[in-house]
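Accompanying notes for the structure given below.
A note on names: the letters A, B, ... follow the listed sequences, proteins ahead of strands, and every chain is numbered from 1.
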Amino acid sequence: MADHRYDPKQIEPRWQQVWADERTWHVGNDDVPGERSYVLEMLPYPSGEPHIGHLKVYSVGDAVAHFHRRTGRRVLHPMGYDAFGLPAENHAIRTGQHPRDSTNASIEQFQRQFREWGISIDWDREFGTHEPRYYRWTQWIFLKLFEAGLAYRKEAAVKWCPNDQTVLANEQVVDGRCERCGHEVEVRQLEQWFFRITDYADRLLDDLETIDWPANVKTMQRNWIGRSEGAEVVFRCEDLQIDYPVFTTRPDTLFGATFFVMAPEHPDVLRLVEGTDRADEVHRYVNHALNESNQERGAADKPKTGVFLGRHVTNPVNGERLPMYVADYVLMEYGTGAIMAVPGHDDRDFAFAQAHDLPVRRVIEGGDGELPYLGDGPLTDSAPEFDGMGNREALGAIVDWLAGEGKGRPSVNYRLRDWLLSRQRYWGCPIPIVKCERCGLVPVPEADLPVVLPDISDYAPRGRSPLAAAEDWVAVACPSCGEPARRETDTMDTFVDSSWYFLRYCDARNDEAAWDPAVLAEWMPVDQYIGGVEHAILHLLYARFFVKALKDLGYLGVDEPFARLFTQGMITKDGAKMSKSKGNVVSPQAIVERYGADTARAYILFIGPPEHAADWSDEGVEGVHRFLARLWRLAAEAADGGQLPAGELTAPSGLEGADLAVARKAAWAIDKVTRDMSGRFAFNTAIAAVMELTNEVSRLRDDAAPEVRRFALAVAASLLFPFAPHVSADAYSRLTGRRVWEEPWPQADPTLLERDVVQIVCQVNGKVRERVEAPADASSDELLALCRAAPNVQAHLDGREVVKEVVVPGKLVNVVAR
RNA sequence: GCCCGGGUGGUGGAACGGUAGACACGGGGGCCUCAAAAGCCCCUGCUCCUCGCGAGCGUGCGGGUUCGAGUCCCGCCCCGGGUACCA
């Protein structure tokens with residue numbers, strides 16, 4: 001007999017070769033009828049080599065893709081690279097190596113490893129976002145958004161990272177620090193490019209209802225958009241004849257306002273005190289507040305500081321004069337940069353009032369008498385027509401009254417800001433705009449796209465894009481008037497590149513257009529999107545915005561890019577995030593080298609539910625490897641004696657004893673794995689079921705029927721294929737002479753799923769006292785009789801009165817006794 | 001503070017309101033072998049005893065609903081993540 005040693009180094013390259021030679025995973029855009037499925041994992045940023053997180057996300061995605069294919073769908077499962085970005089550029093600054101070269105080298109690493117992992121990718125659709133044939137269309141989309149007024153330039157207070165020497169979008173500032181490098185960000189007043197994502201705030205919010213995403217991701221997006229309903233109320237400063245609107249969610253508390261506060265950045269603060277004796281003090285305060293870091297200023301528990309402006313505004317509901325303050329707890333970015341302060345019913349206003357000896361007034365009854373009171377209740381001490389009215393009802397009534405007087409109106413405010421997309425860096429997609437002194441901002445004509453990123457020698461950022469130094473490139477004739485003009489030298493945020501790549505995959509080789517809308521209609525939306533929860537706000541919000549905007553412009557027909565989202569948990573080592581500095585990095589390449597790709601993939605899916613974080617265990621890998629080796633060896637040995645007959649994979653007939661039990665186990669495994677893969681991604685229990693089946697086969701005695709052994713092993717291999725494709729393909733091929741990926745998903749024979757004898761649990765007062773065998777179709781009375789006859793049940797019923805009997809057919813009998 | 005997750009053996013984890021701990025790791029014992037590796041077999045939640053087809057306890061804590069609760073409800077504690085002066 002041949003030497004049957006499981007050797008992934010032999011098996012894996014052989015099948016990879018077949019898949020590459022035959023372009024097995026390619027799917028055309030041909031108008032073939034039948035169900036389609038678009039399975040997509042978030043595209044990788046190619047830096048160095050793939051890490052363990054990549055192994056996980058593509059193992060999960062590949063399992064889904066294979067399952068969809070085997071259950072009769074045409075599956076689009078492409079791959080690409082998010083290839084622009086700062087790490088490559090910073091590397092270039094240190095070494096002088098062109099970012100394109102280091103990026104392409106990384107991409108080759110990724111390609112090689114994806115092939116070695118056996119991921120079923122349609123390589124014919126591959127691209128990197130840094131390739132002109134791709135970013136040509138990124139620029140085209142930018143122009144379409146520009147034409148529609150959705151991309152615009154404005155001067156604003158923006159977040160600046162002094163380390164990366166570029167501006168950042170709000171989403172890229174985490175705890176006052178740069179999301180990428182961790183450096184504390186500053187605020188600068190600069191003119192920048194923005195996308196008008198705030199126009200879509202309501203739709204981005206409302207359409208969350210229509211997509212099947214994890215609740216926590218939806219919640220994070222809702223919070224980020226931060227819609228609040230309330231009213232805009234106008235407070236007039238009579239001294240200077242200026243109206244100051246404020247946004248409030250609590251117009252019901254208007255009668256409790258006792259002072260008025262402006263943000264230090266508010267443009268009118270200095271004007272209000274000009275030439276007064278308060279000017280010096282206010283100047284000092286504002287300067288101090290502006291120089292304070294975001295971190296310090298952002299702390300909610302910080303004492304409430306502020307300065308009186310020496311001016312007053314009039315409360316529109318009762319004509320009271322309220323003192324005006326400047327205080328850093330009011331933010332310029334939100335609302336109008338000014339607030340009415342109601343210390344009786346707001347924590348922060350209360351804290352400020354305490355610190356500055358301002359009156360606190362109760363206008364809503366309730367609570368235990370303590371102020372501030374944040375709950376609901378009837379109005380008091382407000383106005384005769386509102387007193388006694390529930391505050392929720394009063395809220396509307398007061399807004400109506402204000403609207404009638406022209407002093408306010410219902411209003412909605414969002415936390416979401418427009419997306420700042422320009423970056424003062426080199427390695428990104430050039431913004432296709434020419435700045436002409438005469439014509440202003442002129443779009444580059446579509447026929448001239450792409451605006452190709454020029455090669456430069458000095459990548460160092462100096463507060464402006466390194467592109468600004470490429471004089472030959474910058475100097476250009478204005479497309480509109482022909483006079484000398486200059487190119488926009490900022491590049492786009494790399495999140496722009498990844499906001500539409502899933503559209504390009506559908507029609508990746510189209511040189512005439514970004515895509516053919518008819519082709520897009522065949523594939524979009526993505527049926528199953530898979531990635532890390534760290535993109536819950538950034539990428540996933542931006543991509544949704546792009547799809548909605550492009551739909552409005554008539555280029556596609558869907559409202560949402562990703563119908564179903566799955567977020568996988570992190571892989572840790574020794575309970576901690578893997579990092580070079582901790583020295584706890586597990587390299588996928590080392591694992592694949594040692595155990596093979598199948599072991600690495602199957603282990604990462606077996607370790608636990610894929611949505612949970614999981615800790616890597618070297619011993620656990622060994623266990624999965626042993627399992628694959630055992631399955632393969634059993635299959636190879638069983639195939640020595642012959643193959644299964646051609647045709648459908650069905651159990652031999654006329655089985656009995658252990659042979660029948662194995663056939664039943666196979667049917668059970670088919671059913672179990674199918675269920676685990678259908679509704680949820682319970683890969684861990686699916687693999688456990690195949691393990692159980694394999695264990696049962698390995699316990700068969702030598703005189704077992706060879707066909708049932710082959711059948712059960714072929715079922716095991718077939719079910720395992722989505723998780724460990726090479727070893728499964730190899731085992732299946734030996735057992736059947738056929739290619740498992742061309743086989744339909746196995747069907748469980750219903751007659752084998754049924755049992756004629758079942759085990760019945762006998763309980764007395766809810767405690768298990770005995771287990772008995774009973775015919776599966778036994779009646780309740782029969783089951784009851786069987787259980788009451790059981791010795792241990794009788795022992796526990798001895799001398800007691802039976803008060804109730806519960807029978808769950810096929811399962812259990814519970815006798816309740818006193 | 002608020003919003004999500006999550007607390008089950010030595011470990012990762014299983015369990016439509018119905019046998020808690022599938023599967024795997026680790027551990028113990030055995031077979032094979034000159035020996036080892038590999039492989040195979042058995043045992044493995046805790047406690048007690050009369051050692052059995054035994055009894056009791058056991059899913060973070062305290063209550064509740066139910067014939068029956070890891071699972072549902074109420075009140076807490078702890079851990080992880082997100083978010084935070086957003087008016």
Complement of [N], any strand, by Watson-Crick or G-U distances under 3.5 angstrom:
N: B/rG26; answer: B/rU44
N: B/rG5; answer: B/rC79
N: B/rU33; answer: none
N: B/rC51; answer: none

Side-chain donor/acceptor pairs under 3.5 Å, residues 804-818 of chain A, sequence neighbours excluded:
{"residue": "A/E805", "atom": "OE2", "partner": "A/R788", "partner atom": "NH1", "Å": "2.6"}
{"residue": "A/N814", "atom": "OD1", "partner": "A/N765", "partner atom": "N", "Å": "3.4"}
{"residue": "A/N814", "atom": "OD1", "partner": "A/G766", "partner atom": "N", "Å": "2.9"}

Give every pair of a protein N or O atom and an N or O atom of nucleotides 55-57 of chain B that lie under 3.5 Å apart, one pair per line with the distance.
{"residue": "B/rA55", "atom": "OP1", "partner": "A/R769", "partner atom": "NH1", "Å": "3.4"}
{"residue": "B/rA55", "atom": "OP1", "partner": "A/N792", "partner atom": "ND2", "Å": "3.2"}
{"residue": "B/rG56", "atom": "OP1", "partner": "A/R769", "partner atom": "NH2", "Å": "3.2"}
{"residue": "B/rG56", "atom": "OP2", "partner": "A/R769", "partner atom": "NH1", "Å": "2.9"}

Filtered N/O pairs between nucleotides 65-72 of chain B and protein, under 3.5 Å:
{"residue": "B/rC67", "atom": "OP1", "partner": "A/K804", "partner atom": "NZ", "Å": "3.2"}
{"residue": "B/rC67", "atom": "O2'", "partner": "A/N814", "partner atom": "ND2", "Å": "3.3"}
{"residue": "B/rC67", "atom": "O2", "partner": "A/N814", "partner atom": "ND2", "Å": "2.7"}

For [X], report the nucleic acid contact type (base, sugar-phosphate, nothing); a contact means any heavy atom under 4.0 Å.
X: A/E805; result: nothing
X: A/G623; result: sugar-phosphate
X: A/I339; result: base
X: A/N684; result: sugar-phosphate
X: A/R680; result: sugar-phosphate

Table of protein N/O atoms under 3.5 Å from nucleotides 38-45 of chain B N/O atoms:
{"residue": "B/rG39", "atom": "O3'", "partner": "A/R633", "partner atom": "NH2", "Å": "3.4"}

Looking only at the side chain of [X] (C-beta and beyond, no hydrogens), which of the listed nucleotides [options] gets closest?
X: A/P609; options: B/rC4, B/rA14, B/rG12; value: B/rA14
X: A/I537; options: B/rU83, B/rA14, B/rG18; value: B/rU83
X: A/F606; options: B/rA24, B/rA14, B/rA87; value: B/rA24
X: A/K304; options: B/rG18, B/rC85, B/rA87; value: B/rC85
X: A/R415; options: B/rC23, B/rC85, B/rU83; value: B/rU83
X: A/L812; options: B/rG18, B/rC85, B/rG12; value: B/rG18

Task: Distance below 4.0 Å between A/T685 side-chain N/O and B/rG13 OP1 or OP2 - done: no

Task: A/F566-A/W213 aromatic ring centre distance below 6.0 Å - done: no

- [ ] Would you confirm whether the ring centroid of A/H356 sits within less than 6.0 angstrom of the ring centroid of A/F259?
- [x] no

Open item on the list: Do the side chains of A/R250 and A/D252 get close enough for a salt bridge, i.e. N-O under 4.0 angstrom?
Closed with: yes

Task: Side-chain ion pair, A/D615 and A/K573, N-O less than 4.0 Å - done: no

- [ ] Determine the interatomic distance between P on B/rC57 and the same-named atom on B/rA20; round to the nearest Å.
- [x] 12 Å

Task: P atoms of B/rG10 and B/rU59, separation to the nearest Å - done: 13 Å

- [ ] Decide whether A/T305 and A/Y325 meet the rule of one side-chain donor and one side-chain acceptor closer than 3.5 Å.
- [x] no

- [ ] Quick one: which residue pairs count as a salt bridge (charged side-chain N to carboxylate O under 4.0 Å, His left out) with a foot in residues 681-700 of chain A, not counting sequence neighbours?
- [x] A/K665-A/E692

Open item on the list: Holding to ring pair (Phe, Tyr, Trp, His ring centres under 6.0 Å), I want the full list of residues that pass it with A/H535, two or more places apart in sequence or in another chain.
Closed with: none

TODO: Return the 5'-most residue of the pair A/A688, A/A614 with respect to RNA chain B, ranking by each residue's nearest nucleotide.
DONE: A/A614

